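See structure below.
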Amino acid sequence: MKIDRLIGILSILLQKETITAPALARHFEVSCRTIHRDIDVLCKAGIPIVTKQGVNGGISIMEGFRIDRTLLTNSEMKDILAGLRSLDSINGTNRYGQLMEKLSVGSSDFMAGDQSILIDLSSWYKESLAPKIDLIRRAIDGSLLLEFHYYSPNGESRRLIEPYYLIFCWSSWYIWGWCRQKEDYRLFKLNRIEDLTANEDEKFRKRAAPYPDLSNERIFPGGIRVKVLFDKECKWRLIEEFGSGCFEELQNGRLLFHADYTNKDNLISWILTFREKAELLEPEFLREELGETIHKMSDLYTTADKHRHNEKCSITDICKTKNKLAYRKGGAT
């Protein structure tokens with residue numbers, strides 16, 4: 001595209017003292033005539049470009065305009081590149097990487113693979129998330145209403161929203177927008193969204209939408225003071241998920257965990273992932289509820305084993321009966 005080539009030419013001119021038209025033509029795989037036309041366009045746009053004939057001639061930017069060369073340092077450009085590559089990881093494309101290469105033509109020192117920061121925003125649900133992300137971005141850019149079926153802990157609902165921000169936070173993707181059902185701004189998790197469509201026929205008038213408050217205190221309010229006793233083998237998980245200050249190491253080697261938790265169902269599910277290596281001490285009402293849950297699970301599996309045993313015995317009896325009948329029939333013959 002012409003605009004991409006113009007940006008690339010400008011980037012080279014900002015980073016090199018001078019360059020010839022044939023060199024630019026080879027780089028962008030166009031004719032010298034096309035390069036000269038592009039230079040005319042840049043001049044009309046107010047870029048002070050000068051050309052010199054002769055052995056040491058070429059195309060350059062006027063010396064007084066050279067201040068723009070230090071607009072971004074190599075370190076800053078590397079950070080930008082890491083961010084753009086992270087966007088490519090969402091859907092497995094190289095679109096943003098190619099854009100960065102166009103903007104950084106002539107500065108191969110930070111494009112040669114010496115990146116020290118690599119960010120991967122991809123998900124196990126890439127195949128379902130990538131189309132949603134593309135549709136949401138198009139809806140935000142075009143002020144299109146989004147409609148979808150939403151699954152939440154409070155039940156299922158049909159939502160119609162004005163989308164404003166696509167957010168990656170807490171290892172998941174979210175959409176922030178004005179919900180017309182609730183008449184307020186809401187945060188929706190993309191993995192819980194199904195049947196997502198954009199209304200191409202109706203555009204909404206954008207509001208002065210505030211940035212969402214993504215603080216843990218706002219999204220995940222505390223309220224449940226928790227104490228759990230863990231075996232020492234669980235230390236790595238506690239540090240990974242809550243940090244080293246979340247527990248006290250007792251003399252017997254066990255770990256006394258203490259924290260504020262948000263949701264009791266999530267807390268119970270989390271503790272069960274540790275199986276017999278965790279004992280919930282407080283709060284007492286959740287300890288009792290967890291005990292009842294374990295009881296019911298034990299009964300479920302015990303009952304299931306009995307049913308499976310009875311079914312197995314029944315099948316065995318049927319097989320024995322068939323064998324006897326076959327034997328008698330064979331003997332009579």
Side-chain angles (χ1 to χ4, degrees), residues 1-122 126 130 133-143 165-166 168 206 211:
M1 293 178 64
K2 182 176 180 179
I3 185 64
D4 295 333
R5 190 171 63 249
L6 290 173
I7 293 174
I9 292 173
L10 180 58
S11 178
I12 291 176
L13 294 176
L14 287 172
Q15 298 170 57
K16 287 182 174 291
E17 292 295 333
T18 184
I19 189 170
T20 64
L24 289 173
R26 286 193 299 271
H27 182 85
F28 292 103
E29 298 180 346
V30 295
S31 66
C32 287
R33 183 176 296 179
T34 298
I35 293 297
H36 286 302
R37 283 199 295 263
D38 289 342
I39 296 300
D40 289 338
V41 171
L42 291 173
C43 289
K44 290 177 182 178
I47 307 298
I49 297 176
V50 295
T51 58
K52 293 181 181 180
Q53 302 295 326
V55 177
N56 296 321
I59 304 169
S60 61
I61 292 183
M62 189 178 296
E63 190 64 30
F65 199 74
R66 197 64 68 188
I67 185 172
D68 285 353
R69 294 183 61 179
T70 57
L71 183 61
L72 292 174
T73 65
N74 279 7
S75 178
E76 291 168 336
M77 290 294 282
K78 286 181 179 180
D79 290 342
I80 293 174
L81 179 58
L84 290 174
R85 282 181 172 163
S86 72
L87 294 177
D88 277 333
S89 69
I90 298 170
N91 49 21
T93 68
N94 192 35
R95 181 173 57 185
Y96 294 98
Q98 292 173 346
L99 170 61
M100 193 63 232
E101 289 173 5
K102 292 175 183 177
L103 295 177
S104 58
V105 172
S107 292
S108 58
D109 54 331
F110 59 83
M111 293 297 297
D114 59 343
Q115 298 297 305
S116 57
I117 300 178
L118 300 176
I119 306 171
D120 192 336
L121 301 181
S122 60
K126 181 186 293 185
I133 290 172
D134 287 341
L135 180 57
I136 291 171
R137 291 189 62 186
R138 183 161 56 84
I140 293 174
D141 294 339
S143 300
Y165 299 108
L166 183 62
F168 182 79
K206 287 193 175 182
Y211 286 108

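Below, each value reflects all heavy atoms present in this structure, side chains not excepted, and no hydrogens, waters or symmetry copies. The structure displayed is predicted, hence computed values, not measured ones.
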Flag side-chain contact, heavy atom, 4.5 Å: Leu24 against Val30: no
Of the non-hydrogen atoms in Leu166 and Arg137, which two are nearest, and what is the gap between them? CD2-CG, 3.8 Å
Distance-only donor-acceptor hits, side chain of residues 39-52, under 3.5 Å, sequence neighbours excluded:
none

Do His27 and Ile19 touch side chain to side chain, with heavy atoms closer than 4.5 Å? no
When rounded to the nearest 0.5 angstrom, what is the spacing between OG1 in Thr34 and CZ in Arg37? 4.5 Å
Please name the pair of heavy atoms, one in Pro22 and one in Cys32, separated by the smallest distance, quoted to 0.1 Å. CA-SG, 3.7 Å
If I take atom CG from residue Leu135 and atom CD1 from residue Ile133, how far apart are they, to the nearest 0.5 angstrom? 11.0 Å
As an exercise, state the distance from CG of Asp38 to CG of Leu10, rounded to the nearest 0.5 Å. 11.5 Å
